[in-house]
Amino acid sequence: MNIYKINDVKELIEGNSYVGRGIIIGKSKDGSKACAAYFIMGRSANSRNRVFIEDGDDVVIYPFDESKVEDPSLIIYSPIRKLGNRLIVTNGNQTNTVYDAVKDGGTFSAALATREFEPDKPNFTPRISGMLTFDKGDFNYEMSILKSIDEDGSDCARFTYSYPSKSGLGHFIHTYICDGNPIPTFCGEPERVSIPDDIDAFTAEIWNSLNAENKISLYVRYTDVKTGSVENRLINKFTK
């Protein structure tokens, strides 16, 4: 077993009907771009009733059809927020928790120590988060998962990973291993994935590999580490 293998994203998600929500962070092969990607999937009508909308440097999730919203607390949030030289990416309202803490001089891990997994028994969906920090023409990044320590949701286990940026290498964390009842929670370290230079190729690879029935939205951002210029790609399954 090669623990240093760098996988194509397609290898990790194609044929898997439900990996849930996913975050990918890394550096393009040519070393010039920082990549941050986030996607959501959904099985229930409430989960599928969503679209991504850009709001300046941020991304917000809104209901596609407001009349069908059942529980807004777990589906409406800002998955991506920019704060100075940092970019925060998460699968829930802990985006704001990290944003507020870092703004006040705190840290990514300390902010997430105040949160836990989602209260959606029996799945206890983990909270996954990431933050890129840009400095001196380069960047590093952190990733986190907050997950139930047992099937009863009796307590929270917290894992934080810190990475230097390396050309062509990214890390991928998602909420679930696969579909199930209850849905099995992601296990182990974030998976190693390749980050191509072409944002359109990478966006297509992710979107086309996700299960056609369950995929909902995808956002990909490439930031030039030298100039700070940004390219974005956004795909919503449902459009008005």
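- When side chains are defined from C-beta on, Thr97 does not count as touching Leu112, because their heavy atoms never get closer than 4.5 Å.
- A pairwise comparison of heavy atoms in Lys147 and Pro126 identifies CB-CB, 4.1 Å as the closest pair.
- One hydrophobic cluster, built from ILVMFWY side chains closer than 4.5 Å, holds both Ile23 and Phe159.
- Residues Asp197 and Lys33 are not paired through a salt bridge, judged by the lack of any N-O separation under 4.0 Å between the basic side chain and the carboxylate.
- Although no hydrogens or angles enter the test, the distance criterion places no donor-acceptor pair under 3.5 Å between the side chain of Asn93 and the main chain of Tyr77.
- With Ser165 as reference, Asp138 is the one residue of Leu132, Asn140, Ile195, Asp138 to meet the side-chain contact (heavy atoms from CB on, under 4.5 Å) rule.
- Across all their heavy atoms, Ile6 and Gly168 have their closest contact at CG2-O, 4.2 Å.
- Between Arg48 and Glu213, at least one side-chain N (NZ, or NE/NH1/NH2) sits under 4.0 Å from a carboxylate O, which counts as a salt bridge.
- Nearest heavy atom pair, residue Val89 against residue Ala36, reads CG2-CB, 4.2 Å.
- Judged by distance alone, the side chains of Ser129 and Thr90 never bring a donor and an acceptor atom under 3.5 Å apart.
- In this structure, CD in Glu116 is found 6.5 Å from CZ in Arg158, a value given to the nearest 0.5 Å.
- Under the 4.5 Å side-chain criterion, counting only non-hydrogen atoms from C-beta, Thr95 is not in contact with Ile80.
- The backbone N or O of Leu83 lies less than 3.5 Å from no partner atom in the side chain of Lys103, so there is not a single donor-acceptor pair.
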query: Does the pair Ser109 and Thr160 meet the rule for a side-chain contact (heavy atoms from CB on, under 4.5 Å), with working shown?
result: CA-CA 7 Å; Ser109 58; Thr160 302; 4.0 Å; yes
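- For the pair Thr175 and Met41, the minimum side-chain heavy-atom distance is 4.5 Å or more.
- Between Asn16 and Ile177 the shortest side-chain heavy-atom distance does not fall below 4.5 Å.
- Atom OG of Ser28 and atom OH of Tyr222 lie 6.5 Å apart (nearest 0.5 Å).
- Shown here for Glu142 and Ile25, the closest heavy-atom pair between the two residues is O-CD1, 4.3 Å.
- You'll find the ring centres of His171 and Tyr163 inside the 6.0 Å limit.
- Environment of NZ in Lys82: crowded, with over 12 heavy atoms of neighbouring residues, nucleotides or ligands closer than 6.0 Å.
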message: Using side-chain contact (heavy atoms from CB on, under 4.5 Å), reason through Ile13 and Phe172 one step at a time and then give a plain yes or no.
response: CA-CA 11 Å; Ile13 60 178; Phe172 175 31; 3.6 Å; yes
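- Side chains of Lys27 and Phe139 form a contact here, defined as non-hydrogen atoms less than 4.5 Å apart.
- A distance of 11.0 Å separates CG in Leu12 from CD1 in Ile206, rounded to the nearest 0.5 Å.
- At distances below 3.5 Å, not a single donor-acceptor pair connects side-chain atoms of Arg21 with backbone N or O atoms of Gly92.
- For the atom pair Glu231 CD and Thr203 OG1, the distance stands at 9.5 Å (nearest 0.5 Å).
- In terms of modelled atom types and a separation under 3.5 Å, the side chain of Asn49 and the main chain of Asp65 share a donor-acceptor contact.
- Here the side chains of Pro79 and Ile61 are in contact, with some heavy-atom distance below 4.5 Å.
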- request: Begin from the C-alpha positions of Asn123 and Glu118 and carry the test side-chain contact (heavy atoms from CB on, under 4.5 Å) through to its verdict.
  value: CA-CA 9 Å; Asn123 297 317; Glu118 296 179 4; over 6 Å; no
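- At a threshold of 4.5 Å between non-hydrogen side-chain atoms, the residues Ser148 and Asp150 count as touching.
- The shortest heavy-atom contact between Glu54 and Asn232 is OE2-ND2, 3.0 Å.
- Neither side chain, Arg50 nor Asn236, offers a donor N or O lying under 3.5 Å from an acceptor on the other.
- Between the side chain of Asp55 and the backbone N or O of Val59 there is no donor-acceptor pair closer than 3.5 Å.
- Side-chain contact between Trp207 and Lys237: present, with at least one pair of heavy atoms (C-beta onward) separated by less than 4.5 Å.
- With Glu205 contributing its side chain and Lys10 its backbone, the two residues share a donor-acceptor pair below 3.5 Å.
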task: Decide yes or no on side-chain contact (heavy atoms from CB on, under 4.5 Å) for Asp179 and Arg43, but give the supporting numbers first.
output: CA-CA 9 Å; Asp179 206 344; Arg43 300 188 308 171; 2.6 Å; yes
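- Using a 4.5 Å cut-off between side-chain heavy atoms of Ile, Leu, Val, Met, Phe, Trp and Tyr, with links allowed through other members, Ile216 and Tyr62 fall into the same hydrophobic cluster.
- Transitive grouping of hydrophobic side chains (ILVMFWY, heavy atoms separated by less than 4.5 Å) keeps Leu169 and Val220 in distinct clusters.
- Under 3.5 Å, the side chains of Asp152 and Ser154 contain no donor-acceptor pair of N or O atoms.
- Counting all heavy atoms, side chain and backbone alike, Gly188 lies closest to Phe186 at O-CE2, 3.2 Å.
- Note: the hydrophobic cluster containing Leu146 also contains Met131 (ILVMFWY, side chain heavy atoms under 4.5 Å, direct or indirect links).
- Under a 3.5 Å cut-off, the side chain of Asn208 and the backbone N or O of Ala204 do form a donor-acceptor pair.
- Defined by atom type and a distance below 3.5 Å, a donor-acceptor pair is present between the side-chain atoms of Glu191 and His174.
- Residue Phe39 is not grouped with residue Ile128 when hydrophobic side chains (ILVMFWY) are merged at heavy-atom distances under 4.5 angstrom, including chains of intermediate members.
- In this structure, the ring of Tyr219 has its center no less than 6.0 angstrom from the ring center of Phe52.
- One side chain, Gln94 or Arg127, offers a donor N or O that lies under 3.5 Å from an acceptor on the other.
- Here the CG atom belonging to Leu210 is positioned 11.0 Å from the OH atom belonging to Tyr18, to the nearest 0.5 angstrom.
- In summary, the side chains of Tyr176 and Thr125 do present a donor paired with an acceptor at a separation below 3.5 Å, with no hydrogens or angles considered.
- The CG atom of Asn2 lies 8.0 Å from the CZ atom of Arg192; values are rounded to the nearest 0.5 Å.
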